[in-house]
Amino acid sequence: MTLNLYNTLTRQKEAFKPIQPGKISMYVCGVTVYDYCHLGHARVLVVFDVMARFLRSQGWDLTYVRNITDIDDKILRRAEENGEPYQSLTHRFIEAAHEDEARLGIDPPDIEPRATAHIDDIIAMVQTLVEKEYAYAASNGDVYYRVKHFKEYGKLSNKNPEELLAGARIDVEDAKEDPRDFALWKHAEDSETGWDSPWGRGRPGWHIECSAMSKHCLGEHFDIHGGGPDLPFPHHENEIAQSEAANGCHYVNYWVHAGALRVDGEKMSKSLGNFFTIRDVLEKYHPEVVRYLLIGSHYRSPINYSEDSLIEARSGLERFYGALQNYVDVPPATPEALADSRYYRDFVTALNDDFNTRLALAAMYELVRELNSEKSSENARLLAAELKAMGSILGLLKEAPERFLQAGAGDDISAEKVEALIAERAEAKKARNFARADEIRDQLQSEGVVLQDSPDGTQWRRE
RNA sequence: GGCGCGAUAGCAAAGCGGUUAUGCCCCGGAUUGCAAAUCCGGUUAGGCCGGUUCGACUCCGGCUCGCGCCUCCA
C-alpha cells in the first residue's frame, strides 16, 4: 500500500518514494538540553515515535536518527547562571529527557548523535563551505554562511530572499557581509567553551550540527527529515543551504513538521513561559493518557492543551481498556492474523494517508464495539488480539487493563481496602442483603471507585 | 507587511460532491436485585456571501475571524 505524506517543501501530500527500495532514512531534530522537556517536545517525540512504529510494522527497514543538541548559547548561558560546567547541565537534562521519553513509551531512536561528539564533522563541513565560497571567516572570528550564493534559499519556508533582506534586522556592529548570513562557527575566547579550528577557537553555530550529524549518520541524501513547528525557518532552511551547498546534492526528499501544542490558543513555548513539563503532567496523568491526547489529533493540526482534554483522553482509553479487561491472556495478533481484519485494514489505510492517527483510532473503536458485543466467543479473542496489535503500533494499550483502570493518586483508598469491601459486599449479596451491598458500593463510589458486577465476580476501577 | 494554516454538531476531532465518521457528554430502550459496564436507538453540524453542479460541509471566488512562521523556541 502506498504511503502518502505531506511534504513541507512542496506544500502538498505526496506518494512516498524511498531512495532505496524498502528502506527509509529519517532524521528528526531532537531537543536542546538546557531544561526539562515540555509537552510541545512530547508531541514531536510521540508523533515521530508513532511514525517509526507504524513504518516498521509495515515492513519498512527504517533507520531513525534523532539528535541531541548539547552545545549552544542557551546551554552556556544557563550553565553560567547555575555556576556549573555546561557538561553537567547537559548531562542532567539528557538523563531527564531519557526518563521522560521512557515513561511516555517512546522507543529510543536507532542513533542519537550529540553535537559535541561531532565537532570534527562540523568543522569539516564548514571548511568545505569556506572552500566553495559559501562561507567566509569574518573579522570578528566568526564564520558565516553566504546566503546570497545559495540561489534556492527560502525554498522550504517559501520565503523570498529579497524580502528577507528587506526585513532583516540591521545590526551596526555586525561583521556579516549580508544581514541574512548566519553563523556556522562562533568565535570563543580562551576562557569560554570552545574547540580549536582553522579559524581559531570557537564553537558551532546553531544549524550546522544537524547538517553534519545527519550526513554522518544517514549520508548526504536521505528520505525524511522531521521536527517541530517552529523549525522550517530558519533552522531547516539553513540546514538545506548548508548541506546542499557543501555536498553538492539534494539533501532531503520529504520534510515533515508536527503542529503546535497550544495553551489557551497560544503556542506552548519556552519563550512565552506558558509551558507544562512532561514530568509535571505525568504526576497527575498516566503516560498513555498523554500519548493518546497527542495522537488524538492529526500530527499537523494544532492541539489545545487543557485539563479537560486530558480527562477526555482518559475516557477514550478507558473504553479500550474496558473492552480488554477479560482478555488479559490474549497476546497481540501476529501480522498474518491481522491481514484478515477489516479493522486493521482501515487502521493501516488511515496511517498510510499522512499518518491519520485519529482515523486509525476510529477503526479501533469500531472494533471495540464488535468486541464488546461478543464477550464469550472465540471471535472476541481474535478481536482483542487485533486491538492489542493496533494499540502497540500507536504505543498504547501496553498496560494490564486492571492496572490502568485502577491506577490512582497517592491519597486514594488502597486496592486492598477496595478488595476487602468487595469481598464483604459479595457476602452480603449472597445473603441477599442488598441494602448492605448497596451501602458498600455507595461508600466506594464516594472514594471514586466504581464497581462492575458480572456473573464471574466484581471488577472495579477508579473514576 | 510577507508567507502559510485553520473555521465541522454541547465538547473534541476525521473522511467525503449524493450513502452512520469516531470518542466524550446528553436522552430513550435492552440488560442488571439495584447499579456500573455493555449493546441498540436518538438529539445537536459544517463561520458569512456568492458561484459551479441535478446535488456542496466537501470544488471555485470573496469576506470575516483565529492561529503559526518571518527573532531564541519542538
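The sequence lines fix the lettering, A, B, ..., with proteins before strands; numbering per chain opens at 1.
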May I have the distance from A:Glu266 (atom CD) to B:rG66 (atom C1'), rounded to whole angstrom?
12 Å
Look at the side chain of A:His257 and the base of B:rA74, then say whether one donor and one acceptor between them are separated by less than 3.5 Å.
no
Residues at least two apart in sequence or cross-chain that pass side chain to side chain contact (heavy atoms under 4.5 Å, CB included) with A:Pro232, listed by chain then number, are A:Leu156, A:His257
Identify, residue by residue, the members of residues 225-240 of chain A with a heavy atom below 4.0 Å from RNA chain B, and return them in order of residue number, or none.
A:Gly227, A:Gly228, A:Pro229, A:Asp230, A:Leu231, A:Phe233
Using a heavy-atom cut-off of 4.0 Å across all strands, would you classify A:Arg358 as base, sugar-phosphate, or nothing?
base
Map every base of RNA chain B to its dot-bracket character, where paired means a Watson-Crick or G-U wobble contact with both distances under 3.5 Å and | marks a partner outside the strand.
(((((((..(((.....[...))).(((((.......)))))....(((((..]....))))))))))))....
Give the residues of residues 92-118 of chain A touching RNA chain B, defined as any heavy atom closer than 4.0 Å, sorted by residue number.
none
Under 3.5 Å, which N/O atoms of the protein pair with N/O atoms of nucleotides 39-46 of chain B?
{"residue": "B:rC39", "atom": "OP1", "partner": "A:Arg319", "partner atom": "NH2", "Å": "3.1"}
{"residue": "B:rC39", "atom": "OP1", "partner": "A:Asn372", "partner atom": "ND2", "Å": "3.4"}
{"residue": "B:rC39", "atom": "OP2", "partner": "A:Arg319", "partner atom": "NH1", "Å": "3.4"}

Can you list the residues that meet the side chain to side chain donor-acceptor pair (under 3.5 Å) rule with A:Thr63, with sequence neighbours excluded?
none
Side chain of A:Ala260 - closest among B:rA74, B:rA12, B:rC70:
B:rA74
Which residues pass the salt bridge (charged side-chain N to carboxylate O under 4.0 Å, His left out) test with A:Asp100, not counting sequence neighbours?
A:Arg279
When we call it a touch if two heavy atoms are under 4.0 Å apart, what does A:Ser271 touch: a base, just sugar-phosphate, or nothing?
base
The complete set of ring pair (Phe, Tyr, Trp, His ring centres under 6.0 Å) pairs with one or both residues in residues 287-312 of chain A, sequence neighbours excluded, reads A:Phe276-A:Tyr305
Inter-nucleotide P distance (B:rG47, B:rG6), Å rounded
13 Å
When the side chains of residues 344-352 of chain A are checked against the rest of the protein, which donor-acceptor pairs come out under 3.5 Å, sequence neighbours left out?
{"residue": "A:Tyr344", "atom": "OH", "partner": "A:Gln58", "partner atom": "OE1", "Å": "3.1"}
{"residue": "A:Thr349", "atom": "OG1", "partner": "A:Arg345", "partner atom": "O", "Å": "2.8"}

With a 4.0 Å cut-off, would you call A:Arg66 and A:Asp107 a salt bridge?
no
Counting any heavy atom closer than 4.0 Å, what does A:Tyr365 reach on the DNA or RNA strands: base, sugar-phosphate only, or nothing?
sugar-phosphate
Among residues 152-161 of chain A, which ones have heavy-atom contacts with RNA chain B below 4.0 Å?
A:Ser157, A:Asn158, A:Lys159
B:rA35 base / A:Arg441 side chain donor-acceptor hit below 3.5 Å:
yes
Mind checking if A:Lys74 touches a base, just sugar-phosphate, or nothing, with heavy atoms under 4.0 Å?
sugar-phosphate
Taking any heavy-atom pair under 4.0 Å as a contact, classify A:Arg77: base, sugar-phosphate, or nothing.
nothing
Close approaches to RNA chain B from residues 445-463 of chain A, in residue order (heavy atom, under 4.0 Å)
A:Val450, A:Leu451, A:Gln452, A:Asp453, A:Arg461
Per the under-4.0 Å heavy-atom filter, residues of residues 292-303 of chain A near RNA chain B come out as A:Gly296, A:Ser297, A:His298, A:Ser301
Describe the nucleic acid contact of A:Leu361 in one word from base, sugar-phosphate, nothing, applying a heavy-atom distance below 4.0 Å.
nothing
